[in-house]
Amino acid sequence: MIKTYFRNLDSQKKIKPIRMKQENIRVRFAPSPTGPLHIGGVRTALYNYLFARKMGGKLILRIEDTDQNRFVPGAEQYILESLNWCGILFDEDVVQGGPYAPYRQSERSEIYKEYIRILLEKGHAYYAFDTEAELELRREKAKAEGRGAFQYDFRSRVLMQNALTLSEAEVASRIKSGHPYVIRIKIPENETIHLRDMIRGEVRVHTANLDDKVLFKSDGLPTYHLANVVDDYLMKITHVIRGEEWLPSAPLHVLLYRFFGWEGVMPQFAHLPLILKPDGNGKLSKRDGDRLGFPVFPIEWKDPKTKEIYAGFRETGYIPEAFINILVHLGWNPGTEQELFSMEELIAQFSLNRIGKSGSKFDPEKAKWFNHQYLSHKTDDVLLSLLAPQLEQHGVSASPEYMIKVIHLIKERVNLLPDLWNNSWFFFIPPKTYNEQVKSKIWRSTTAGLIAAFATEAENLSEFNHDTVHTLVENFTQKNQVKMGQLMNPLRLLIVGSNQGPGMMDIAGTLGKTEFLTRIRNGLSNLN
RNA sequence: GGCCCGUUCGUCUAGUCGGUUAGGACGCCAGGUUUUCAUCCUGGAAAUCAGGGGUUCGAAUCCCCUACGGGCUACCA
């Protein structure tokens, strides 16, 4: 079966359709351990995962830690734990290894040296000795003269300190004497690079707009561009699914594949739209979470330097299925009206050609709704296992049977995990305070007497459950010529402490006669 | 500044070969259910498809221009 992924049909004549059922699909998620992964990163990992599973391929996790300056301790562990919580599993990674190990770029530095040598030999890369200060000066000057940004390219490289301007002997002696250098790619002067993106169609960039990017830094490690292309090649990656921020440098990567002679096995590119701030515009960032009151990270992150704590979806009370569902819809849709998916369903239905092109804003409200959907459809056993630790946390214990009873009464009211306790605590402990606002609204001069009379009658009930209390309430209100609300609302205030919770009969029946009457009597004396 | 990408209800989006009362979901509003608060049910408001030009009998859909938004422009990824 052949399906085309391309959306720009005007250019389809030039583009060969891609076979969907391709053998040996291999994709990778390649984060940099420079801090916590935010939801954009998780979504990229998710799409890679879904695509790999859907196609019967493999998913690789590769740690791109070639920048020693930005390395953050704990970040790699955080990435592993986050993705694991989400249920995004890898076939090859830094922990379990794999046929193309190592999967940490810092452990592959010898490999990159080999490959940069090839580029040097072929004349596609060259040594450059310009210092940071010199380059900075150029940038400032260019800016001051209003020429736009300085670019190290075919126009300017002839003016710089590099192997193209210096004699061979000079270059050799500098290197020999330990003079710091970088290695830059030599971008062709006049050519249009065609890039086929599975989401965006054909993208063309003229090489005059590209600069001679550093491929190899003076610290002996490669930059992203080199390491990424070399590793994707060596690890036999077939599809590069990554964020849109990489689109501008994709032509550079195409050029690298060509220079290495790997054009025939170059992966397909799919550049994902960005996740934007919920308010205003711009890419979602670390600070937005605290500012807007929702997490932007999958799990809690403690900054090792500043000791600051950033909230995570997990700790806020989201369950992985919901979190995954929230993320998958930020840019992808199934084309049907189905909104709730299991991971299996997502795998079955996912396809890259249903990913949109425009950035999407994260909606915290809808996120809660998703969580509510999943939580309220959980089985009793699962909900029990979620509620039990919360009781323990509050120093309360109850039998599983009792907890299940409670769960039946509150499961529809839960958005986030902590709502389990927040909506049920009064089944386990009596209220310590009584909501003043509610009291002032419902409490009348006759109320206390009415409640006391009701309590006396309730005491005489031989069977105390939902139905008998219900009958009693009906008879009592009729006999005393009061409306339901006049009795029930104050009763609720005494039992629960406010105007919330499931039906009063249910609460009464669950609590039992003794506890029910105790709370009424204590409440009555506290309120008067 | 330059280069690249994008633009359908407030938000996520359907609309992939041009003809739809532009559909769904969240949120919002109203009504119903309920003794309360939620849930739930029903209904409603909400997009002149960024704007302007074309092409066409007919354009959200194809072409061009403009505007706006975003990304990139490091010896960071």
Side-chain angles (χ1 to χ4, degrees), chain A residues 4 6-7 9-10 30-34 64-67 69-70 128 130-132 135-136 139 142-143 146-151 180-184 197 199-200 203-206 208-211 213-219 221 223-225 227-228 243-251 271 273-274 276 278 280-283 326 329-339 353-354 356-370 372 376 410-415 419 423 438 442 473 477 483-489 491-493 496 498-505:
Chain A
T4 174
F6 293 108
R7 325 198 58 186
L9 295 165
D10 58 310
S32 184
T34 54
E64 309 226 328
D65 56 348
T66 53
D67 184 1
N69 300 321
R70 294 212 309 157
D130 316 279
T131 64
E132 297 243 33
L135 291 169
E136 189 50 40
R139 286 188 199 110
K143 209 176 170 186
R147 288 189 282 122
F150 166 77
Q151 193 168 281
Y181 65 84
V182 300
I183 300 172
R184 288 179 180 273
D197 188 274
I199 292 169
R200 274 148 232 287
V203 177
R204 288 171 223 185
V205 181
H206 194 91
N209 295 316
L210 263 29
D211 62 332
K213 278 265 180 309
V214 170
L215 297 179
F216 206 82
K217 300 178 285 176
S218 57
D219 63 2
L221 289 171
T223 58
Y224 172 87
H225 307 293
N228 195 260
E244 194 185 7
E245 68 268 27
W246 292 110
L247 193 54
S249 53
H271 288 96
L274 266 18
L276 277 14
N281 294 303
K283 206 160 63 149
I326 295 160
H329 282 96
L330 256 29
W332 175 87
N333 75 82
T336 64
E337 286 180 0
Q338 184 177 355
E339 293 222 273
N353 63 352
R354 293 211 65 90
K357 299 180 186 183
S358 50
S360 43
K361 295 178 183 172
F362 178 81
D363 181 357
E365 285 305 318
K366 193 156 188 178
K368 268 186 218 158
W369 177 80
F370 271 118
H372 172 254
S376 56
I410 61 147
K411 67 191 290 185
E412 293 297 328
R413 325 168 74 89
V414 175
N415 285 325
D419 295 338
N423 285 302
V438 175
I442 61 165
V473 166
T477 49
K483 285 183 182 161
M484 275 283 215
Q486 282 174 262
L487 173 66
M488 300 304 277
N489 290 332
L491 219 40
R492 177 178 295 279
L493 181 67
V496 176
S498 73
N499 62 339
Q500 295 182 334
M504 251 338 275
M505 317 300 177

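Below, all heavy atoms of this structure are taken into account, side chains as well, without hydrogens, waters or symmetry copies. Proteins come first, then strands; the chains are lettered A, B, ... in the order of their sequence lines, and each starts at number 1.
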Base, sugar-phosphate, or nothing for Glu337(A), non-hydrogen atoms under 4.0 angstrom?
-> sugar-phosphate
For Thr66(A), report the nucleic acid contact type (base, sugar-phosphate, nothing); a contact means any heavy atom under 4.0 Å.
-> sugar-phosphate
Among U35(B), C26(B), U13(B), the one nearest Trp369(A) by side-chain distance | C26(B)
On RNA chain B, nearest-nucleotide positions of Gly359(A) versus Leu135(A): which is more 5'?
-> Gly359(A)
For U36(B), which nucleotide in any strand shown is its Watson-Crick or wobble partner with both distances under 3.5 Å?
-> none
Contact class for Glu412(A) vs. all strands (heavy atom < 4.0 Å): base, sugar-phosphate, or nothing?
-> sugar-phosphate
By nearest-nucleotide position on RNA chain B, the 5'-leaning member of Gly503(A) and Glu339(A) is Glu339(A)
Base, sugar-phosphate alone, or nothing: which one does Asn499(A) contact when heavy atoms must sit under 4.0 Å apart?
-> base
Touch check for His206(A), heavy atoms < 4.0 angstrom, all strands: base, sugar-phosphate only, or nothing?
-> nothing
Give a yes or no on whether a salt bridge exists between Lys213(A) and Asp211(A), defined as a side-chain N under 4.0 angstrom from a carboxylate O.
-> yes
Donor-acceptor pair under 3.5 Å: do we get one between Arg492(A)'s side chain and the base of U36(B)?
-> yes
Beyond-backbone contact of Ser358(A) with Glu244(A), side-chain heavy atoms, under 4.5 angstrom | no
Reckon Thr34(A) touches a base, only the sugar-phosphate, or nothing at all at heavy-atom distances under 4.0 Å?
-> nothing
Identity of whatever pairs with C3(B) - Watson-Crick or G-U, under 3.5 angstrom = G71(B)
With the side chain of Glu64(A) defined as its heavy atoms from C-beta on, choose the nearest nucleotide among A77(B), C3(B), C26(B).
-> A77(B)
Among U16(B), U35(B), C72(B), find the nucleotide with the atom closest to the side chain of Arg354(A).
-> U16(B)
Does Lys213(A) get its side chain close enough to the base of A74(B), under 3.5 Å, for a donor-acceptor pair?
-> no
NA contact type, Pro273(A), heavy-atom cut-off 4.0 Å: base, sugar-phosphate, or nothing?
-> nothing
Which part of the nucleic acid, if any, lies within contact of Asp130(A), taking any heavy atom under 4.0 Å across all strands shown: a base, the sugar-phosphate backbone alone, or nothing?
-> base
Base, sugar-phosphate alone, or nothing: which one does Leu330(A) contact when heavy atoms must sit under 4.0 Å apart?
-> sugar-phosphate
Only one of Pro33(A), Pro31(A), Ser32(A) passes side chain to side chain contact (heavy atoms under 4.5 Å, CB included) with Asp65(A), and that residue is Pro33(A)
Sugar-phosphate only, base, or nothing, as touched by Val182(A) at under 4.0 Å among non-hydrogen atoms = base
G27(B) pairs with, by Watson-Crick or G-U criteria that keep both distances under 3.5 Å | none
Between the side-chain atoms of Arg70(A) and the base atoms of C76(B), is any donor-acceptor pair under 3.5 Å?
-> yes
Side chain of Arg413(A): nearest nucleotide among C40(B), C37(B), C12(B)?
-> C37(B)
